[in-house]
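Just so you know, ligand 1 is whichever comes first in the structure, and atom 1 is the first atom listed for that ligand. The basis for the numbers below is simple: all heavy atoms, side chains too, and nothing from hydrogens, waters or symmetry mates. The shown structure was predicted, so the numbers you read here are calculated from the model rather than taken from an experiment.
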Amino acid sequence: MNVQLKNQRALVTGGNSGIGEAVVLALAEAGANVAINYVTHPETAKALVGQIQQHQGDALALEADVSNPEAVARMFAELDKSWGGLDILVNNAGIDGPRAPAWEVDLAGWRKVLEVNLFGTLHCAREALKRMVAQKRGVVLNMSSVHEVIAWSGYSAYTTSKAGLAMLTKTLAQEAAPFGVRVLALAPGAIQTPINQSVWSDPKNYEDLLDKIPLKRMGQPDEIAQMAVVLVSDVASYVTARTIFVDGGMTDYPGFAHGG
Ligand code: NAD
């Protein structure tokens, strides 16, 4: 099996941290030219560009807040100017928001999670699909979460955004399929990144988390990145309109391994 992305033009949102950074490096290793979207820490995005240009191929750092449709349109215009369009979009940017039950939650904060995770994905997917439908080629991969199906107390905005992402993925896939364009989602379980540092850096929280994972460990960003590369490549040419779970068995409801 040969996973090859030579001459493919890819954009990864939130590509300068955690899972996004691992996806950027894995796409570059598979031969793609990679544009790294960032909203903070331009220095890490630029360092990644330098790293890729030294070893593999072309790379760009593109600033845009994905929740802002004008900023997203400007980012795609820059991509057009540099590379004449794109073939792969990984909608990875996401936030989980502060923890609070829905009756105490700050509405502006709740809305912000939806603006980034759901609207941000839509803004980028719209721009990408316009181009992919016209060229009759392309893949959009949305970074979902096990929380598209598992409720998570205190994070109603996050779970709602990821459940919405699942249906957005399926509907966009239906719209794009006649043009040979695939749209799918990847749902990680608990992956060790800055987003969940408060969990893995606290022994009690960490132990509680491991109880929820049949494989009894957190995943690493690379384990998501490798699956992302497979899904956007021709190895997965017949896969569309689905969420693929990479979660150490978390959605196998480990609480039912005993009793019941
Ligand atoms: P992270 O915090 O390291 O990365 C998130 C990235 O998104 C950062 O680069 C951040 O700057 C960027 N971002 C945030 N708001 C943005 C905006 N408005 N515009 C552009 N970029 C923005 O966390 P991560 O764990 O690497 O998360 C990446 C994705 O994976 C998210 O969508 C997250 O929901 C999803 N995910 C993560 C886990 C996990 O366990 N780490 C599990 C399931 C799903």
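Residue contacts with ligand 1 include Ala64, since one of its heavy atoms falls under 4.0 Å from the ligand. Note on ligand 1: Tyr38 sits outside its first shell, no heavy atom being nearer than 4.0 Å. The closest approach between a heavy atom of Asn196 and any atom of ligand 1 is below 4.0 Å. No heavy atom of Ala187 sits closer than 4.0 Å to any atom of ligand 1. Within the structure, ligand 1 has Lys162 among the residues with a heavy atom less than 4.0 angstrom away.
Geometrically, ligand 1 and Val66 share a nitrogen or oxygen pair separated by less than 3.5 Å. The shortest N/O to N/O separation between Lys112 and ligand 1 does not fall below 3.5 Å. Of the N or O atoms in Ser67, none lie within a sub-3.5 Å distance of an N or O in ligand 1. Checked by distance only, ligand 1 and Asn92 come closer than 3.5 Å through their nitrogen or oxygen atoms.
Short contacts between ligand 1 and Asn16, defined as distances under 4.0 Å to a heavy atom of the residue, involve ligand atoms 9 (O). Short contacts between ligand 1 and Gly18, defined as distances under 4.0 Å to a heavy atom of the residue, involve ligand atoms 3 (O), 26 (O). Interface atoms of ligand 1 facing Ile95, defined by a heavy-atom separation under 4.0 Å, are 14 (C), 15 (N).
In terms of protein heavy atoms, atom 30 (O) of ligand 1 is closest to Met143 CG, 3.4 Å. Looking only at protein heavy atoms, the nearest one to atom 33 (C) of ligand 1 is Tyr158 OH, 3.6 Å. At the top of the distance list for atom 27 (O) of ligand 1, counting protein heavy atoms only, stands Ile195 CD1, 4.1 Å. Nearest to atom 18 (N) of ligand 1 among the protein's heavy atoms is Asp65 OD1, 2.8 Å. When only non-hydrogen protein atoms are considered, atom 26 (O) of ligand 1 lies nearest to Ile19 N, 2.8 Å. Here the heavy atom of the protein found nearest to atom 41 (N) of ligand 1 is Ile191 O, 3.0 Å.
For atom 42 (C) of ligand 1, the nearest non-hydrogen atom from the set Ser17, Gly189, Ala190 belongs to Gly189.
Aromatic ring pairs are classed by plane angle as parallel below 30°, tilted from 30° to 60° and perpendicular above 60°; the pair Tyr158 and Trp152 is perpendicular.
Between Arg131 and Glu127 a salt bridge is recorded (basic side-chain N to carboxylate O distance below 4.0 Å). By the 4.0 Å N-to-carboxylate-O rule, Asp208 lies close enough to Lys212 to be salt-bridged with it.
Under the side chain to side chain contact (heavy atoms under 4.5 Å, CB included) test applied with Leu231, the options Val90, Ile88, Val139, Ile244 reduce to a single match, Ile244. Of the options Asn92, Thr243, Thr121, Thr169, a side chain to side chain donor-acceptor pair (under 3.5 Å) to Asn142 is made by Thr169 and by none of the others.
At a distance under 4.0 Å, no protein heavy atom can be found next to atom 10 (C) of ligand 1.
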